[in-house]
Amino acid sequence: GALVRFFHKIIDAVLNFLHLSKYKEQIMYLVVGGGTTAIDWIVFTLLVFFLPDLSSLPFFDRFPNAIEYTAAWIAAVLFAFWASKYFVFESAKKEGTVQFFKFVASRVLTLLLSLAGDFFLTGILEINEFLAKLIISVLVVVINYITSKLFVFNKKQEKGESSHDEEPHL
């Protein structure tokens, strides 16, 4: 509500001052993506250091960081949905539940990519888990932007919506 509007005023003022208003969506995606990546990495790192090593167990011998990737993914997805909805794509509030499920569904692809990357890079090639995470993170950021833009927060009208329900696309 009020806090989001307050931050939008500050963001708009800074971008206007820097003559970057037309790039607001891309700039905000980078900022939110940075925050999402930070949350993902913090949760992942804490779990790598504090969870017991399960790599001697079946499944975990090939997916040594499955728990870490999954928990980090959950934390990152929750933050990313909220921040993307209100600061990147500025989408209508009434679509919250539908958008949330679309968002989570689109992010499942990146969880699967992360687990496949963990399997291949860490489980098979035995690359350091943090180097593997860095490689995987780059691919995840690109895929997340594309799926969010095209599938979750697109501003095209849905069937049956009237034009006054849609926020203008700047």
Side-chain angles (χ1 to χ4, degrees), residues 4 7-8 11 15 20 22-55 57-93 95-156 169:
V4 170
F7 280 119
H8 273 289
I11 292 164
L15 292 177
L20 295 172
K22 68 180 180 177
Y23 302 109
K24 181 179 182 181
E25 183 177 289
Q26 291 81 8
I27 291 168
M28 291 308 301
Y29 182 78
L30 290 173
V31 170
V32 168
T36 302
T37 301
I39 289 169
D40 180 61
W41 274 83
I42 289 167
V43 172
F44 179 83
T45 301
L46 288 173
L47 293 176
V48 164
F49 285 115
F50 291 111
L51 286 181
D53 181 8
L54 303 174
S55 62
L57 299 175
F59 177 78
F60 292 106
D61 60 340
R62 292 293 182 200
F63 294 93
N65 300 296
I67 294 171
E68 293 87 338
Y69 272 104
T70 303
W73 177 85
I74 291 168
V77 165
L78 291 174
F79 171 78
F81 174 75
W82 176 81
S84 293
K85 180 174 179 59
Y86 292 105
F87 293 102
V88 178
F89 301 107
E90 301 177 40
S91 64
K93 291 179 184 176
E95 300 173 8
T97 305
V98 172
Q99 280 179 337
F100 179 74
F101 286 111
K102 283 183 176 181
F103 190 81
V104 170
S106 74
R107 296 299 207 240
V108 167
L109 173 64
T110 58
L111 174 61
L112 296 175
L113 173 67
S114 296
L115 293 173
D118 181 46
F119 169 77
F120 181 70
L121 297 173
T122 310
I124 301 290
L125 297 181
E126 298 181 2
I127 292 176
N128 174 279
E129 63 254 350
F130 294 105
L131 178 58
K133 176 89 172 139
L134 179 63
I135 294 166
I136 293 164
S137 292
V138 171
L139 296 171
V140 164
V141 168
V142 172
I143 292 169
N144 283 344
Y145 180 77
I146 293 167
T147 58
S148 289
K149 179 82 175 160
L150 298 178
F151 178 63
V152 182
F153 298 108
N154 66 18
K155 298 202 177 196
K156 293 179 182 174
H169 183 58

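Side chains are part of it too, since the values below use all heavy atoms of this structure and drop only hydrogens, waters and symmetry mates. None of the values given here were measured: they were computed from a predicted structure.
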So, taking the atom named [atom1] in [X] and the one named [atom2] in [Y], what distance separates them when rounded to the nearest 0.5 Å?
{"X": "L121", "Y": "S114", "atom1": "CG", "atom2": "OG", "result": "10.5 Å"}
{"X": "K85", "Y": "F103", "atom1": "NZ", "atom2": "CZ", "result": "11.0 Å"}
{"X": "F81", "Y": "S106", "atom1": "CZ", "atom2": "OG", "result": "10.0 Å"}
{"X": "I135", "Y": "T122", "atom1": "CD1", "atom2": "OG1", "result": "9.0 Å"}
{"X": "T110", "Y": "L139", "atom1": "OG1", "atom2": "CG", "result": "11.0 Å"}
{"X": "L30", "Y": "E25", "atom1": "CG", "atom2": "CD", "result": "11.0 Å"}

(request) Among residues two or more places apart or on two chains, list those pairs meeting salt bridge (charged side-chain N to carboxylate O under 4.0 Å, His left out) that have a residue in residues 28-39. (result)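 Sorted result for residues 28-39: empty, none.
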(request) Check L131 against I127 and note the closest heavy-atom contact, atom names and distance. (result)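 Looking at all heavy atoms of both residues, the closest pair is CD2-CG2, 3.7 Å.
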(request) Compare every heavy atom of S55 with every heavy atom of P64, then report the nearest pair and how far apart it is. (result)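 For P64 versus S55, the nearest heavy atoms are CB-CB, 4.4 Å.
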The criterion is side chain to side chain contact (heavy atoms under 4.5 Å, CB included); which residues satisfy it with [X], sequence neighbours excluded?
{"X": "F59", "result": "F63, A66"}
{"X": "A75", "result": "I39, V43"}
{"X": "L109", "result": "I143"}

(request) Answer yes if the ring centres of H8 and Y86 are under 6.0 angstrom apart, and no otherwise. (result)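 No - the distance between ring centres of H8 and Y86 does not fall below the 6.0 Å cut-off.
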(request) Compute the centroid of each ring, for W73 and then for F44, and state whether the two points are separated by less than 6.0 Å. (result)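 Judged by ring-centre distance (under 6.0 Å), W73 and F44 do not meet the cut-off.
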Is there side-chain contact between [X] and [Y], with at least one heavy-atom pair below 4.5 Å?
{"X": "F87", "Y": "W82", "answer": "yes"}
{"X": "F120", "Y": "I136", "answer": "no"}
{"X": "F60", "Y": "I67", "answer": "yes"}

(message) The test is side-chain contact (heavy atoms from CB on, under 4.5 Å); show your working for K22 and L15 and say whether it passes.
(response) CA-CA 9 Å; K22 68 180 180 177; L15 292 177; over 6 Å; no
(request) Hey, could you give me each pair passing side chain to side chain donor-acceptor pair (under 3.5 Å) that has a residue in residues 58-71? Not counting sequence neighbours. (result)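 Listed by first then second residue: N65-D118.
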(request) Keeping to residues at least two apart or across chains, list the side chain to side chain donor-acceptor pair (under 3.5 Å) pairs with something in residues 31-49. (result)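 Applying side chain to side chain donor-acceptor pair (under 3.5 Å) to every pair that reaches into residues 31-49, excluding sequence neighbours, yields D40-K133, W41-S137.
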(request) Answer yes or no: are there more than 12 heavy-atom neighbours, outside F130 itself, under 6.0 Å from its atom CZ? (result)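 Yes, enclosed.
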